[in-house]
Amino acid sequence: MRLDKYVSDAMQISRTDARKLIAKGLVQVDGQVCKKGDVQLKGTEKVLFDQQTMEREEFVYIMLNKPLGVVSASTDKRDTTVVDLLQGSFPRRTLFPAGRLDKTSTGFILLTDNGEFAHKILSPKRHIEKEYLVTLDTPLTPEMQQGFEQGVVLADGTKLAPAKAIPTQDPFQARVILTQGVYHQIKRMFGVYNAGVNALHRMRMGNLFLDETLQPGEWKKLSLHEVQQIAQR
Ligand code: URA
């Protein structure tokens, strides 16, 4: 790979800006200042910018606290999308949401450009838990809890995998834990018991909790350690 491409990928800047930094003598290859962007790298060199190692990240993983009214898509003609909220911070990456939350739901959305990882954490076979705080229009009942544990049969006959509805101190709120992702799943599950969902907030994916210091619409890049926690059961 050419040095200017390496620098632009690693720093998430344009090729032109990368060439400017290189020409200014700010980039070193194996301990030597290199001012030529068209130098070919073998891939084994140590590239430093301003004395700091530049390691190109293969993939990016973002935790976003989705606000109300934003859609879980990459582009949309009408509504703001979760990708729009990144405000072009990763111009050279094609990020997409790994899993969906309804427009009216809030909380943890993972954005990444790693399709294989997204597939892995969403596959029902992997049993990766997703946990939600759900506010109902009627109190949670033992019947709902037992039904969730046995596997709810939806109005259209779909038999769902066992799930959990855990009571909280507020009788109108439950912590719901799922391992699959059927369209409008939680709303349809409570619908079977004639209960409506007033609010739905995703708090956890795998073993990683939403960072509650993130205000709605705010996001942060995840470390590889945090990403691994998502994939854990
Ligand atoms: N189930 C729903 O009904 N909506 C969501 O956004 C997520 C799970």
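Predicted model, so just to flag it, every value in this text is computed and none were measured. When a ligand or atom number is given, it counts from 1 through the structure's own listing order.
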same_hphob_cluster(V83, V71) at 4.5 Å side-chain heavy-atom cutoff:
no
Test side chain to side chain contact (heavy atoms under 4.5 Å, CB included) on I230 and F117; report intermediate values, then the result.
CA-CA 10 Å; I230 298 179; F117 182 79; 4.3 Å; yes
On the 0 to 90° scale, with breaks at 30° and 60°, tag the F148-F190 ring pair as parallel, tilted or perpendicular.
tilted
Is there at least one pair of N or O atoms, one from K187 and one from ligand 1, spaced under 3.5 Å apart?
yes
I want to know if ligand 1 touches I186 in the polar sense, i.e. an N/O pair below 3.5 angstrom.
yes
To which protein heavy atom is atom 4 (N) of ligand 1 closest, and what is the distance rounded to 0.1 Å?
D102 OD2, 2.8 Å
Could you state whether L160 and V197 fall into the same hydrophobic cluster, counting links through intermediate Ile, Leu, Val, Met, Phe, Trp or Tyr residues with side-chain heavy atoms under 4.5 angstrom apart?
yes
For ligand 1, which atoms have a heavy atom of S105 less than 4.0 angstrom away?
4 (N), 5 (C), 6 (O)
Looking only at atom types and distance, does a side-chain atom of K46 sit under 3.5 Å from a main-chain N or O of G31, one as donor and one as acceptor?
no
Under 4.0 Å between heavy atoms, the region of L200 that gets near ligand 1 turns out to be side chain
